[in-house]
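The block underneath contains the structure these notes are about, expressed in structure tokens.
Quick caveat, the model's predicted, so the values are computed rather than measured. Counting from 1, the numbers follow the sequence of the chain as shown.
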Amino acid sequence: MNKDFTFTLKSSVFDENYNPSENTRITTNFANLARGKNRQENLRNTLVMIDNRFNALAHWDNPKGDRYSVELEIISVEMKIEGNGDSFPVIEILKTNIVDKKTNQRIAGIVGNNFSSYVRDYDFSVLLSAHNKNQPKFSTPENFGDLHGNIFKYFVNSDTYRNNFNKTPVICLSVSSKNTYYRTGNEHPVLGVEYQQDEPSLTDEYFNKMGLQARYFMPKNSVAPLAFYFNGDLLSDYTNLELISTISTMETFQKIYRPEIYNANSAAGQYYQPSLNQQDYSLTRILYDREERSQLAIEQGKFTEENFIKPYQTLLEQWSANYAA
């Protein structure tokens with residue numbers, strides 16, 4: 001059954017000249033920035049923010065704060081189905097690369113970072129929405145996230161992944177506005193102060209089915225913790241520069257997309273509940289339409305239902321059940 005699915009990778013450079021491919025989800029962070037009349041300015045300003053944050057965190061042997069720059073690759077993953085030539089874009093992630101301008105070295109960073117998935121759009125914007133319509137209490141459908149999680153694990157364990165990447169992915173997201181986080185006594189020299197929460201969020205549970213666990217850290221001079229999803233040991237499996245490449249990239253995106261949380265004018269305290277309704281924050285100079293993004297997620301979920309879930313439903317359910325067994 002597993003032979004019915006193979007993966008192909010495509011890589012594209014994310015720079016000020018970036019144009020999204022036809023298969024890129026238009027709600028993806030980096031694709032949103034590459035739209036409209038200000039697209040090139042948006043992209044340029046974003047990259048400057050990433051580089052500045054990287055150098056602020058990698059401050060040793062870096063007296064002028066300009067030693068490093070970050071290059072980003074967009075990794076698009078298509079899954080070929082049944083050997084009949086059909087394929088569907090299942091995953092899109094980012095790979096960071098670090099340029100050390102002092103030594104003229106190019107250092108591989110972390111793969112993962114941003115995470116984009118049409119199947120996740122289907123799960124959250126179509127399946128979950130339909131399941132809870134007119135229901136008095138929120139719940140999740142049976143086996144919610146199983147197919148998506150198995151596809152992700154199958155990809156990470158595939159020869160395609162191993163032949164292209166040396167380490168397992170780390171995905172970095174915003175913390176949940178529905179949960180309260182509290183500081184622990186643990187502090188990492190790069191990741192910063194660790195936070196914990198009393199119960200997992202729906203996103204935590206969903207990513208757990210992808211084989212990923214979560215830890216929450218607020219780096220130095222940040223104002224809110226970030227959620228890091230990984231498989232292994234986040235603190236020892238990756239170098240300081242690798243971790244900084246993820247922090248600088250994803251914190252920049254979050255400042256643009258969730259300024260109420262990540263560009264707030266005061267930092268998270270001992271206990272912290274994120275809120276998109278609080279008003280004490282600053283805007284970046286980078287334009288972004290969050291309301292449009294929510295609508296597009298629904299459209300993309302329906303696209304996935306019509307072009308992937310329905311045509312291959314029996315095959316996908318059988319494969320997922322056998323893979324999990």
Side-chain angles (χ1 to χ4, degrees), residues 11-18 20 24-25 27-34 39 42-59 62 65-76 91-101 106-117 165-175 188 190-192 207 212 214-230 234 237-259 261-263 284-286 288 293:
S11 173
S12 56
V13 176
F14 179 77
D15 59 17
E16 63 182 58
N17 299 311
Y18 165 69
T24 293
R25 288 168 63 250
T27 58
T28 300
N29 286 341
F30 38 81
N32 274 309
L33 299 175
R39 57 175 303 280
N42 277 350
L43 294 169
R44 189 181 300 121
N45 288 341
T46 299
L47 295 169
V48 168
M49 286 176 65
I50 292 171
D51 284 353
N52 287 344
R53 185 62 171 132
F54 188 102
N55 282 290
L57 288 168
H59 52 80
N62 189 7
D66 61 357
R67 176 171 177 171
Y68 300 100
S69 64
V70 179
E71 295 179 349
L72 298 176
E73 290 179 72
I74 300 166
I75 309 298
S76 302
I91 296 167
E92 199 159 56
I93 48 181
L94 281 178
K95 184 180 186 300
T96 58
N97 297 290
I98 305 150
V99 178
D100 185 338
K101 291 180 279 188
R106 192 168 182 269
I107 305 162
I110 283 177
V111 64
N113 300 288
N114 193 83
F115 179 73
S116 174
S117 164
F165 310 111
N166 295 325
K167 295 185 179 182
T168 56
V170 175
I171 295 166
C172 181
L173 304 178
S174 170
V175 286
H188 184 270
V190 167
L191 292 167
F207 275 68
L212 304 177
R215 292 181 75 170
Y216 313 92
F217 288 91
M218 186 168 74
K220 184 178 181 181
N221 295 326
S222 298
V223 296
L226 293 159
F228 296 86
Y229 295 90
F230 59 94
L234 179 67
D237 290 349
Y238 305 92
T239 67
N240 284 344
L241 290 183
E242 287 173 339
L243 292 172
I244 290 172
S245 72
T246 288
I247 294 167
S248 59
T249 299
M250 298 312 300
E251 188 179 80
T252 293
F253 283 138
Q254 297 298 353
K255 283 183 176 181
I256 296 167
Y257 300 123
R258 285 183 169 82
I261 297 174
Y262 290 97
N263 218 29
T284 67
R285 296 176 59 190
I286 299 165
Y288 165 63
R293 186 185 187 199

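I91 has its side chain within reach of F115: a pair of non-hydrogen atoms, C-beta onward, lies under 4.5 Å apart.
For the side chain to side chain contact (heavy atoms under 4.5 Å, CB included) test with F228, the passing option among I247, L212, L243, I171 is I247; the others fail.
Annotation: the span from Q254 atom CD to L226 atom CG amounts to 6.5 Å, rounded to 0.5 Å. With values rounded to the nearest 0.5 angstrom, T239 atom OG1 is found 6.0 Å from I98 atom CD1.
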Using residues 67-75 as the side-chain source, report each donor-acceptor pair under 3.5 Å to any protein atom, sequence neighbours left out, with the distance given to one decimal.
| residue | atom | partner | partner atom | Å |
| --- | --- | --- | --- | --- |
| R67 | NE | D100 | OD1 | 2.9 |
| R67 | NE | D100 | OD2 | 3.2 |
| R67 | NH1 | D61 | O | 3.2 |
| R67 | NH2 | D100 | OD2 | 2.8 |
| E71 | OE1 | R106 | NE | 2.8 |
| E71 | OE1 | R106 | NH2 | 3.1 |
| E73 | OE1 | S11 | OG | 2.8 |
| E73 | OE2 | N97 | ND2 | 2.9 |

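Residues satisfying the side chain to side chain donor-acceptor pair (under 3.5 Å) criterion with S222, sequence neighbours excluded, are R53, E251. Considering only residues two or more places apart in sequence or on other chains, T96 meets the side chain to side chain donor-acceptor pair (under 3.5 Å) condition with S245. With sequence neighbours excluded, the residues satisfying side chain to side chain donor-acceptor pair (under 3.5 Å) with Y216 are Q197, D204. The ring-ring contact (aromatic ring centres under 6.0 Å, His included) test applied to F217 returns no partner, not counting sequence neighbours. For K167, the salt bridge (Lys or Arg N to Asp or Glu O under 4.0 Å) partners are E242, not counting sequence neighbours.
Minimum interatomic distance between L94 and T249 (heavy atoms only, all atoms of both residues): CD1-CG2, 4.3 Å.
A donor-acceptor pair is defined here as one N or O able to donate and one able to accept, closer than 3.5 Å; such a pair exists between the side chain of N62 and the backbone of D66.
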